[in-house]
A.B. asks: 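Please find one structure pasted underneath; my questions will follow.
Atom set for the values below is all heavy atoms of this structure, side chains included, hydrogens, waters and symmetry mates excluded. Naming: A, B, ... by sequence-line order, numbering from 1 per chain. It should be emphasised that the depicted structure is a prediction, and the values quoted were computed from it without experimental measurement.
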Number of protein chains: 2
Amino acid sequence: MDTPERLIQSTRELLWERGYTGTSPKAILQRSGVGQGSMYHHFSGKPDLALAAIRRTAEEMRAKAEEQFSEPGTALERITAYLRRERDVLRGCPIGRLTQDPDIVASPALRQPVDETFGRLRQRLAEVLTEGRQRGEIASALDPASTAATIVAVLQGGYVLARAADSTEPFDQAVDGILVLLAQGAR
Amino acid sequence: MDTPERLIQSTRELLWERGYTGTSPKAILQRSGVGQGSMYHHFSGKPDLALAAIRRTAEEMRAKAEEQFSEPGTALERITAYLRRERDVLRGCPIGRLTQDPDIVASPALRQPVDETFGRLRQRLAEVLTEGRQRGEIASALDPASTAATIVAVLQGGYVLARAADSTEPFDQAVDGILVLLAQGAR
DNA sequence: GTCTATATGCGGATAGAC
DNA sequence: GTCTATCCGCATATAGAC
């Protein structure tokens, strides 16, 4: 791995663990084994490096979601596969956690990839739901856009509850709950 | 307001806005107008003051939720009142945001009030759902505990989506979505 | 490209006077 | 109880040599 790549990977890990405010350039240097001068040669500073790291994480997250959405099966099966996919629940969502960082939300450049990630995710889920409705797999009373927002919110909120409890149980309960509710509307 | 109280109120505000890591003793002193010496006279340090602040916020949150749960009306009406209650959506949940702070989660003392808040909230919602089921207002296929976890998760995740988008829209959509799903099961 | 040196101010306190 | 002084290390760079 070359130097910029090592910096990006270490920054991604630290942003996930400690957030933007909690991540110092010094910690990035220690974790990556890169020297001070190299870091400031390749990146203009902490915000620049963070932006590269966030973009990378956002791309990966999108690709992993698409794996489940593009599987064969009914809409409900694909949504179930997505919600039940293996996740590092107690670590939380590496993109969602950034929304709690005021420096991220206050910076248009840093917030943009976060916004886009959730926007596309909701959009993609709404498409899956629309297909399911057309095929009669999902109750036509359900609005795709708002149901999609609900599903994404259950995941993000599930992480919050799991971290509060230091247990994956409430996350799993929340996922079970939404799946039962969605199945209820199936024909 | 006396000195300890001023410190607690300022700390509550800062924890909400900037989280634990992002809140410095210096910022608390500036906002409260209290001097350095006074702060360390009344509290042993940042963790001690944060604990007092978090406990206060947790109490208030619990009391506000109970206002809606103890209203007259069906289970669905009370849950709707709770979910649609006026909220400072873009500021997020002052308790939920703490779960993103590694120093909070790593400290049993600081995590405890956060855990307890969500534990009680889920418990209370499950009671409301159980009542609703007994009265035939809610489909008996819905497990109260997991449905309660789902509802709380929708709220917490709704805040995340709203902050990502810098708009209350996805929060409102997520709430609409879960209410439609819950109503679907009503008899 | 990478290294080391240097800089300013903040984070989070402790000490002791009043 | 409150105030001011003092402390050490970290946060976040910039400068210039190699």
Side-chain angles (χ1 to χ4, degrees), chain A residues 1-56 97-98 100-111, chain B residues 1-56 97-98 100-111:
Chain A
M1 225 171 11
D2 63 8
T3 298
E5 191 60 26
R6 294 222 307 277
L7 287 165
I8 289 174
Q9 296 304 339
S10 298
T11 304
R12 289 180 62 191
E13 292 172 20
L14 283 162
L15 286 178
W16 193 1
E17 290 167 25
R18 313 210 27 92
Y20 183 80
T21 304
T23 296
S24 68
K26 181 173 200 171
I28 295 169
L29 297 178
Q30 282 170 350
R31 185 166 301 208
S32 63
V34 168
Q36 178 105 335
S38 302
M39 170 171 173
Y40 283 102
H41 174 75
H42 293 288
F43 297 93
S44 72
K46 177 175 162 175
D48 188 29
L49 184 43
L51 180 57
I54 293 170
R55 283 188 174 145
R56 186 69 63 84
R97 74 107 59 233
L98 299 174
Q100 300 308 320
D101 228 305
D103 295 341
I104 298 269
V105 171
S107 154
L110 292 175
R111 188 175 60 77
Chain B
M1 225 172 12
D2 64 8
T3 297
E5 191 60 25
R6 293 222 307 276
L7 287 165
I8 289 173
Q9 296 304 338
S10 298
T11 303
R12 291 179 60 189
E13 293 172 17
L14 283 162
L15 286 179
W16 193 0
E17 291 167 24
R18 312 209 29 92
Y20 183 80
T21 303
T23 295
S24 67
K26 181 172 201 173
I28 295 169
L29 297 177
Q30 281 169 349
R31 186 167 301 208
S32 63
V34 168
Q36 178 104 336
S38 301
M39 170 172 173
Y40 283 101
H41 175 76
H42 293 287
F43 297 93
S44 71
K46 177 175 161 175
D48 188 29
L49 183 43
L51 181 57
I54 293 169
R55 283 188 173 144
R56 187 70 63 83
R97 76 109 54 235
L98 300 174
Q100 299 308 318
D101 230 305
D103 296 342
I104 299 270
V105 171
S107 155
L110 292 175
R111 189 175 61 76

A.B. asks: Tell me the interatomic distance from A/R6, atom CZ, to C/dT2, atom C1', rounded to whole angstroms.
C.D. replies: 12 Å
A.B. asks: To the nearest angstrom, how far is A/L14 atom CG from D/dA11 atom P?
C.D. replies: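 Answer to the nearest Å: 11 Å.
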A.B. asks: Looking only at side-chain N and O atoms, does B/T3 come under 4.0 Å of OP1 or OP2 in D/dT2?
C.D. replies: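 Checking B/T3 against D/dT2: at least one side-chain N or O falls below 4.0 Å of OP1 or OP2.
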A.B. asks: In whole angstrom, give the distance that lies between atom NE2 of B/H41 and atom C1' of C/dA15.
C.D. replies: 15 Å
A.B. asks: Respond yes when some side-chain nitrogen or oxygen of B/H42 is under 4.0 Å from OP1 or OP2 of D/dT2, and no when none is.
C.D. replies: yes
A.B. asks: What is the separation between atom CG on B/D48 and atom P on C/dT14, rounded to the nearest whole Å?
C.D. replies: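 Going from B/D48 (CG) to C/dT14 (P), I get 12 Å.
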A.B. asks: Starting from P on C/dT4, measure out to CE on A/M39 and report it in whole angstrom.
C.D. replies: 16 Å
A.B. asks: Of all the heavy-atom pairs spanning A/T11 and A/A53, show the shortest one and how long it is.
C.D. replies: CG2-CB, 3.7 Å
A.B. asks: By nearest atom, which of the nucleotides D/dC10, C/dT4, C/dA13 is closest to the A/K26 side chain?
C.D. replies: D/dC10
A.B. asks: Give the rounded distance in Å between these two atoms: CG of A/L49 and P of D/dA13.
C.D. replies: 11 Å
A.B. asks: Once you round to the nearest 0.5 Å, how far does CG of B/L49 lie from CD1 of B/I54?
C.D. replies: 10.0 Å
A.B. asks: Could B/R56 and B/E5 be called an ion pair, given the rule that one side-chain N must be under 4.0 Å from one carboxylate O?
C.D. replies: yes
A.B. asks: Is A/S38 close enough to C/dC3 that one of its side-chain N or O atoms is under 4.0 Å from OP1 or OP2 there?
C.D. replies: yes
A.B. asks: In whole Å, I'd like the distance from the CD atom of B/Q36 to the P atom of C/dC10.
C.D. replies: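 For the pair B/Q36 CD and C/dC10 P, the rounded distance is 13 Å.
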A.B. asks: Please state how far atom CG in B/L29 lies from atom C1' in C/dC10, giving the value in whole angstrom units.
C.D. replies: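 After rounding, the gap between these two atoms is 13 Å.
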A.B. asks: Closest nucleotide of DNA chain D for B/V34 versus for A/T23: which of these residues is on the 5' side?
C.D. replies: B/V34
A.B. asks: Could you tell me whether B/R31 and B/E17 make a salt bridge, using a distance below 4.0 angstrom between a side-chain N and a carboxylate O?
C.D. replies: yes
